[in-house]
Amino acid sequence: MAGELLLEVENLAVSFRSRGAVADAVSDVSFRLHQGETLAMVGESGSGKSVTSLALMRLLPDAPQCQVRGSVKLRDKTGSGMLDVLALPEPQMQAVRGNNIAMVFQEPMTSLNPVKTIGAQITETIRLHRPMLARAAEDEAVRLLDLVGIPAPRQRLTAYPHQLSGGMRQRAMIAMALSCEPSVLIADEPTTALDVTIQAQILDLLKRLQEQTGMAVIFITHNLGVVAEIADRVMVMYSGRVVEQADVVPLFQQPLMPYTRGLLRSVPRLDLAGRRAGALYAIPGNVPDPRRPPPGCAFHPRCDSFADGRCNVEAPRLDSTADGRQVRCLRWPEFVA
Amino acid sequence: MAPYLIRRFGQAVLLLLVVSMIGFAILHLAPGGPMAQYAIGSNMSQEDLDRIAQQLGLDRPLPVQYAEWLWRMLGGDWGTSFRDGQPVLHVIGSHLGATLQLMLTATLLAIFLGCWIGILGAIRRYSVFDYLATIGAMVALSIPTFWFGLVTIFVFSVELGWLPAGNRETVGDGSLLDMLHHLIAPAMVLALVETAIWSRFMRSSMLDVVNQDYIRTARAKGLPRFKVLTRHALRNALLPMITVAGLQMPTLLGGALVTETVFTWPGMGRLFLDSISYRDYPVVMGILMFSAAMVLIGNLLADMLYAVADPRIRLG
Ligand SMILES: Nc1ncnc2c1ncn2[C@@H]1O[C@H](COP(=O)(O)OP(=O)(O)O)[C@@H](O)[C@H]1O
Ligand code: SF4
Ligand SMILES: [Mg+2]
């Protein structure tokens, strides 16, 4: 992955404030993303994946209610410099959204406007960032719908979202996100709401589109099984923090953080189906409430390697290993040995 | 579409039938009656009274009277007024214009103001404006219309002398400007409650919509907030308002009745009250049926409009 650096996130932190209580939904998230690369962001529901991606898009609520700190640098599509996303004035940010960086959301059922045609919604995006005549934008929309594998694309222009299946809607969402050739695409659990065969089709589509366009993809999921298929690198999130970051092969071969191990064990694996019939592992317990995080390691109440007097006292930092991985665990050196 | 309309039409006819029965029963069972007008303070003999009753058809059993009324009604004959012998339809027709003018003006005013107040309240939620609008709506909804009407007359007509205290026009004038001048106060009074209702529904509808996923999608495209509102939020938020509009007809008719009475507005509402006090049964029944039909037509129109405005809805 020797592509150009497209996105650089440093110490990103997001906190929500409601009725006096402060919830640190995301803290200390740092990563880099290069051209053509796919970064998978993995973690259970509530671990801060969506909040992180919305922060990159600057789509979180405004200041007193929600505070975003840290730095997000995004390569300017037209110029050669990096844009300071968190400092951009809103009008400039509007030129970046959907143009430099685009997003596909989890729920294809509710993410499209129900009273506007697919064509109107796609051409709107096109014409917002690429000034062109309505007819030309329509032709472009047809090309995009065709690109994402929607049959009879010209007829689909006049269809309303409810007239399409979930899979087709998600394809339309992807077409819309790709319409201005963004250099970074964030896909927030794009297949979670779809059934398994459709999931596989959408994954293939995203892979193919990425190869064609060279865009970088941040693929958010809570399913590590999907990660193996699509990602180059994996970032595991827990309780708003990065707890492990590694290339996909080493991570699957030797997860260093007990949470990652647990996630891996809970993936249904076809090759093991015969031996471990049905008994799918699930990490016991729940994600902590960000308003009341546990002391020490946030994962300690659920960890099978928990060391009393250490893990519940000392908060682990994000360590870098010799082979360029990152891990947040007090005991990881013991697991390598 | 056609089967749907036929079904709706059938339901409407059935409803009108029920309304007419209940109306007829209440009217005739209420103490006093058309004959009381003649009996009190006149020196007519019992024979004369009986003859009048017979002429008016009031001497027969109620079900027979109802059946006859219904039969005539089905034939398009709404009867004649006891009071002045005019055909009922003619009497209603001569008062309809004033009522429609008042209701239409008030409704347009209320929709315009109510929608704006609701939208602004929703996008500036918990702002000073939002609190004031919320309190204002609560106050407006709790003030009886006749009281507000009297206060309006007191302030704007008696004290300030800006607006006429009643009637639809100055006798002998009747210019457009004069009519509008007379329209201001009653339209304002009738619009008050409607505005409050509209603003509340609009606010909650808008709040509902701005939290939808597709609004986030629209923002993710790079649309400015204002365009997100006008292009994506507004149309969705206005959809439920169509239903609200359809359901407002009874409130509006009731409000018009009170407003017309307070402002001596020569409309159907006042005609209704006058006709009741005269026990002018044919006119009362006529207005009742006419209003019921207006309510039903309002609902039907709202449902059809909804189907046109929302691509997800198919009538059937
Ligand atoms: N608008 C918001 N206001 C307050 N808290 C929020 C808001 N959005 C998300 N959160 C909180 O932030 C945390 C992370 O949520 P999220 O990023 O959606 O998790 P996920 O990893 O499932 O995408 C959760 O605890 C959630 O309750
Ligand atoms: S620090 Fe302790 S509790 Fe946390 S993951 Fe590592 S071993 Fe488990
Ligand atoms: Mg999420």
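Note on naming: letters A, B, ... go to the chains in the order of the sequence lines (proteins, then strands), and numbering restarts at 1 for each one.
- R225(B) and D62(A) are joined by a salt bridge, as a carboxylate oxygen and a charged side-chain nitrogen come within less than 4.0 angstrom of each other.
- When all heavy atoms are compared, the tightest approach of P114(A) to P311(B) is O-CG, 3.5 Å.
- Within a 6.0 Å radius of CZ in F16(A), more than 12 heavy atoms belonging to other residues, nucleotides or ligands are found.
- Side-chain contact check for R312(B) versus V115(A): some heavy-atom pair is nearer than 4.5 Å.
- Around the CZ atom of R130(A), the shell of radius 6.0 Å holds more than 12 heavy atoms that belong to other residues, nucleotides or ligands.
- Between chain B and the residues L54(A), N99(A), L128(A), the most heavy-atom pairs under 4.5 angstrom are made by L128(A).
- No side-chain heavy atom of N113(A) sits under 4.5 Å from any side-chain heavy atom of T217(B).
- Residue-environment remark: CZ (F129(B)) exceeds the threshold of 12 foreign heavy atoms within 6.0 Å.
- Minimum heavy-atom separation, R58(A) to R219(B): O-NH2, 4.3 Å.
- Highest contact tally toward chain A, considering only K227(B), R231(B), Q212(B), is held by R231(B) [criterion: heavy-atom pairs under 4.5 Å].
- Counting non-hydrogen atoms of other residues, nucleotides and ligands closer than 6.0 Å to CZ of F148(B) gives a total above 12.
- Considering only heavy-atom pairs separated by less than 4.5 Å from chain B, the leading option among E107(A), K116(A), M103(A), M57(A) is K116(A).
- With a 4.5 Å cut-off on side-chain heavy atoms, Q121(A) and K221(B) count as touching.
- Scanning all heavy atoms of the two residues, the minimum distance from S111(A) to R216(B) falls at OG-NH2, 4.4 Å.
- Of the two parts of I215(B), neither the backbone nor the side chain holds a non-hydrogen atom closer than 4.5 Å to a non-hydrogen atom of chain A.
- The shortest distance between side-chain heavy atoms of E124(A) and H232(B) falls below 4.5 Å.
- Residue contact with chain B, scored on non-hydrogen atoms closer than 4.5 Å, is absent for M109(A).
- No part of M93(A) comes within reach of chain B, as not one of its non-hydrogen atoms sits under 4.5 angstrom from that chain.
- Looking at L112(A), only its backbone comes within 4.5 Å of chain B, counting heavy atoms on both sides.
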